[in-house]
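See structure below.
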Amino acid sequence: MDPSYLDILNPEQRKAVLHEGLDGRDRPGGPWKNLTARRPLLILAGAGSGKTRVITTKIAYLIRERGVDPRSIMAVTFTNKAAREMAARARLIENRASAAMIRTFHSFGAWFLRRHAALAGLDSGFVIYDDDDMVSLLGTVMEDASKAELRETAALIARAKDFFLSPEDPELDRISCHDRFRKNYAKYEEKLQKIGNVDFGDLIQKPLKLLEDNPDLARRFHDRFTVIMVDEYQDSNAAQFKLLSRMAGGPETYLCVVGDDDQSIYRFRGADVKNILRFSDHFPGTEIIRLERNYRSFSQILALASSVVDHNCGRLGKTLRAERGAGKLPTLAFLANQDEEAAFCAELVERSVRTGKAKGYSDWAILYRTNAQSLGFETELLHRSIPYKVVGSLKFYQREEIKDALALLALLLNPRDEVAFRRIINKPARGIGAVALDRILKALYGASPSGGGLVDIAKELSLSAKAAAGIKSFAAVMDRAAAVLGGASPPPYRDPPIRYGEGLSACVGSLIIDSALAEYHGFHDEINGLQRIGNLQELVDASSNYKGGREGLVEFMEHIELDRSIDADAENHDSVTLITLHNTKGLEFPRVIITGLEQGVFPRDDKTGDDLEEERRLFYVGATRAMEELYLCSCTFRRVYGRTSPMPPSLFLYEADKTMLEVIGQAPAGFGKSPRQPWRGREQGVFAFGSPSGGAGLKMSSDKRWKQGDRIFHDDQGYGAVIDITEGDDGPVILVRFDNGQEKRFLSFHQSGNYMKIGAGD
């Protein structure tokens, strides 16, 4: 008779807990014999299928019912929070589970190295270097390198260690083909070894090498740990896979991993989905148990998410079944632009709370592909006094790079702004030391109220040659910015990291580039640098809504300051969650909105092959966070690089099962057989945007042949999109912006054969 704590498990969960990997020679239920060959187990656990319950129950079951020594059980996962939760839940069933080793991969590595430090050439009191420590150490071997170069090199070294690549490894060219990287990596390793400390990559590499090079140690390890479990196995990287293979040892070790190939979304951190896809190849005799009963979401949501991820080739395959029933169809809203998108999301939230449909603001989560997209939602929620929290990052105006950019703009408006001057004068470093800064500020307060600005004052002082040169270069930057603000053309830039276009964005964008602020933040590190550039670009795009000139800059800065003052009073535990899709992993919300579903935003245009498959998995993860309601948003136009550009719908919307969607708003031509009702929702007048004939505010030609957003192909210009429609003497005139940057006008009745209409988003 099975113990009562197994009664809450469904048949598949129970099968996974009771699995012992017997090879046919053993009697089920007989004594657990450590030397018996046991078949590995892969638990393929779909979203919301109760995988944590299974792995924690299995640990307790092996100890309580099968007599396994808890000290011989090792369970590893990827976050300290997950490890603590796993340990606590196992102890609730069987208190002796506290003796089992339940750690993260890196925590295990540190434990192992401290026990065998001498074999690794270390003292047991070694210090673990974090990212900043790596950069500091690299600075001693790359003496003339900038901080940006040091961070980039540190990120590349960390990536190399994720793949278990040494400085001598021929395959290191996969990480960087520059000889100087190989040399700097070797010097870094040599210095790290002399100091006697380790970095995070070493916590995986060094235990693996010890097990490979010391057969006696490996044998003692295998004798100690006869059961090895891994949670979230889809997130493992190449080095972690090799370590697991070495830890598992021979057939006497019982190996059980839990994961979901459809939720592998951390490739940028080194995770390799192939580890789970090829698990059965690497560990022959593997049994696979699929957990396909979902306890989180309604079936309509699961069906939609599955219809997209089913397009992936690299997956083991499973079919999630909702235990909660069908529920409401997910809603796809086609909206005119990102301002309307933000208003739509805020209206959904506000109305649901007002009518009592939602228990509170915390029922809602707004998901986006990149952190930079949060600005529009933050602004709209603030203006409506809807409390919100940004998960995984600072609120937009609290981010360092945004504060730096605003300091530049503040100094442009008020050259005597000490706070702005202090913040930005040495970003990037310009040789203005503490002594020079103190002299400049003293001179400021000694000058008359009508005296010059800080930069002008500094130019008149007798400073060191380095400081004087720094002030001179900064003064030139601010002079050029003032000229652009007055209507001059921005300086020409080659491959600028920030793009700008309409209105005030020319001044804001060119100042961020010219000051080298974009470069300073862009090379912060491999991942955060791209995010920071994206945030700066979002600020530039927002400024394109304001006219150029001093008056426009004053209005823009005032708008921001008002938003920041509202934000200061907006702390509330019952709040809407703003979060990137990556950060939603492991979370759930009653109501979810996935925004920015346009090609080029989600997925990005540069995503192909394995990268595109990971983007599909990211959509799947986002959609399956929703428990009760799921909304998808796609904009016809979006401000990109300071210009308003037409946006085709995301590839994922074309791949999705249209029968699983309620479409509102003006669906683009060629989008399946979706209805074309305006954005008004099921109840007339709920949303006051767009009109029944206008298609969410989009212009349409009087002959009904064209509307904004329609895609065309021209024999000479290639692909383009209709961005404006006017009425001329000879009928409607369409303005087309081609993908090559050219803009051309055509008469609606033009039939020369030079162009053809292909439908929006085709």
Side-chain angles (χ1 to χ4, degrees), residues 10-19 21 38-55 58 76-78 228-238 240-242 244-245 248 254-267 269-297 299 301-323 585-586 609-625 652 655-657:
N10 66 40
E12 296 80 25
Q13 292 173 334
R14 180 186 291 255
K15 182 178 179 183
V17 169
L18 298 180
H19 179 274
R38 296 184 183 275
R39 300 174 63 185
L41 174 63
L42 167 59
I43 303 174
L44 200 61
S49 62
K51 68 175 182 62
T52 305
R53 171 178 291 173
V54 170
I55 196 168
K58 190 173 183 69
V76 292
T77 186
F78 288 84
I228 296 177
M229 300 183 183
V230 184
D231 191 21
E232 302 286 6
Y233 183 65
Q234 77 280 347
D235 293 336
S236 60
N237 61 36
Q240 288 162 342
F241 163 74
K242 289 184 178 182
L244 176 66
S245 299
Y254 178 59
L255 178 61
C256 170
V257 302
V258 185
D260 183 3
D261 52 330
D262 288 334
Q263 295 191 73
S264 179
I265 59 172
Y266 296 124
R267 193 168 185 227
R269 295 180 186 168
D272 190 349
V273 70
K274 294 183 179 66
N275 288 348
I276 191 168
L277 295 178
R278 298 177 181 173
F279 184 82
S280 298
D281 298 330
H282 292 298
F283 299 98
T286 293
E287 293 184 45
I288 300 177
I289 296 177
R290 288 173 168 80
L291 304 184
E292 299 176 306
R293 302 186 193 216
N294 177 282
Y295 296 92
R296 175 188 299 148
S297 309
S299 64
I301 295 171
L302 298 180
L304 176 70
S306 296
S307 72
V308 173
V309 82
D310 281 348
H311 285 79
N312 277 356
C313 297
R315 61 191 300 260
L316 297 171
K318 60 185 172 302
T319 303
L320 290 182
R321 301 186 301 277
E323 295 293 303
K585 184 84 182 308
D610 290 344
D611 287 334
L612 182 58
E613 294 215 347
E614 177 153 295
E615 291 287 293
R616 283 197 190 93
R617 294 194 292 270
L618 191 56
F619 175 88
Y620 173 86
V621 167
T624 54
R625 300 310 95 190
F652 303 150
E655 293 176 340
D657 183 350

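These numbers were taken from a predicted model, which means no experiment stands behind them.
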Which value, rounded to the nearest 0.5 Å, describes the distance between Ile43 atom CD1 and Met229 atom CE?
8.0 Å
Leu255 vs Leu244, side-chain contact (heavy atoms from CB on, under 4.5 Å): CA-CA, chis, key distance, verdict:
CA-CA 9 Å; Leu255 178 61; Leu244 176 66; 3.8 Å; yes
Can you list everything that forms a salt bridge (charged side-chain N to carboxylate O under 4.0 Å, His left out) with Asp260? Sequence neighbours excluded, please.
Lys318
Side chains of Arg625 and Lys585 in contact at under 4.5 Å (non-hydrogen atoms)
no
side-chain contact (heavy atoms from CB on, under 4.5 Å) between Phe241 and Tyr233, intermediate numbers included:
CA-CA 9 Å; Phe241 163 74; Tyr233 183 65; 3.3 Å; yes
Can you list every pair that meets salt bridge (charged side-chain N to carboxylate O under 4.0 Å, His left out) and has a residue in residues 274-283, with sequence neighbours left out?
Lys274-Asp610
Closest approach of Gly46 to Leu320 (non-hydrogen atoms, all atoms of both residues):
CA-CD2, 3.7 Å
Under a 4.5 Å cut-off applied to non-hydrogen side-chain atoms, are Leu291 and Gln13 in contact?
yes
Measure the acute angle between the ring planes of Phe619 and Phe652, then classify it against the limits of 30° and 60° as parallel, tilted or perpendicular.
tilted
Main chain of Thr319, side chain of Arg290: is a donor-acceptor contact present, judged purely on distance under 3.5 Å?
no
Is any side-chain heavy atom of Val230 closer than 4.5 Å to a side-chain heavy atom of Ser236?
no
Looking at residues at least two apart in the chain, or sitting in another chain, which of them share a salt bridge (charged side-chain N to carboxylate O under 4.0 Å, His left out) with Glu613?
none
Using the test salt bridge (charged side-chain N to carboxylate O under 4.0 Å, His left out), find all partners of Lys15 that sit at least two apart in sequence or belong to another chain.
none
Any donor-acceptor pair under 3.5 Å linking the side chain of Asn294 with the backbone of Arg296?
yes
Start with the C-alpha distance between Thr624 and Leu302, add both sets of side-chain angles, then the distance that settles side-chain contact (heavy atoms from CB on, under 4.5 Å), and finish with yes or no.
CA-CA 6 Å; Thr624 54; Leu302 298 180; 4.2 Å; yes
What distance separates Asn275 CG from Asp235 CG, expressed to the nearest 0.5 Å?
10.5 Å
Do you know which two heavy atoms are closest between Phe78 and Asp231, and how far apart they sit?
CE1-O, 3.4 Å
Side-chain heavy-atom pair Ser245, His282 within 4.5 angstrom cut-off:
no
Output all residues satisfying salt bridge (charged side-chain N to carboxylate O under 4.0 Å, His left out) with Glu615, sequence neighbours left out; order by chain, then residue number.
Arg369
Any sub-3.5 Å donor-acceptor pair from Ser306's side-chain atoms to Ala303's backbone N or O?
no
Please answer whether the main-chain N or O of Ser264 pairs with a side-chain N or O of Arg617 as donor and acceptor at a distance below 3.5 Å.
yes
Do Gln263 and Glu232 come within less than 4.5 Å of each other through their side chains, counting heavy atoms only?
no
Could you tell me if the side chain of Arg267 sits less than 4.5 Å from the side chain of Asp611, heavy atoms only?
yes
Pairing residues for Leu277 by the side chain to side chain contact (heavy atoms under 4.5 Å, CB included) criterion, not counting sequence neighbours
Asp261, Val273, Leu316
For Tyr254 and Leu41, run side-chain contact (heavy atoms from CB on, under 4.5 Å): C-alpha distance rounded to whole Å, both residues' side-chain angles, the deciding distance at 0.1 Å, then the answer.
CA-CA 8 Å; Tyr254 178 59; Leu41 174 63; 3.8 Å; yes
Any ion pair linking Asp310 and Arg616 (charged N to carboxylate O, less than 4.0 Å)?
no
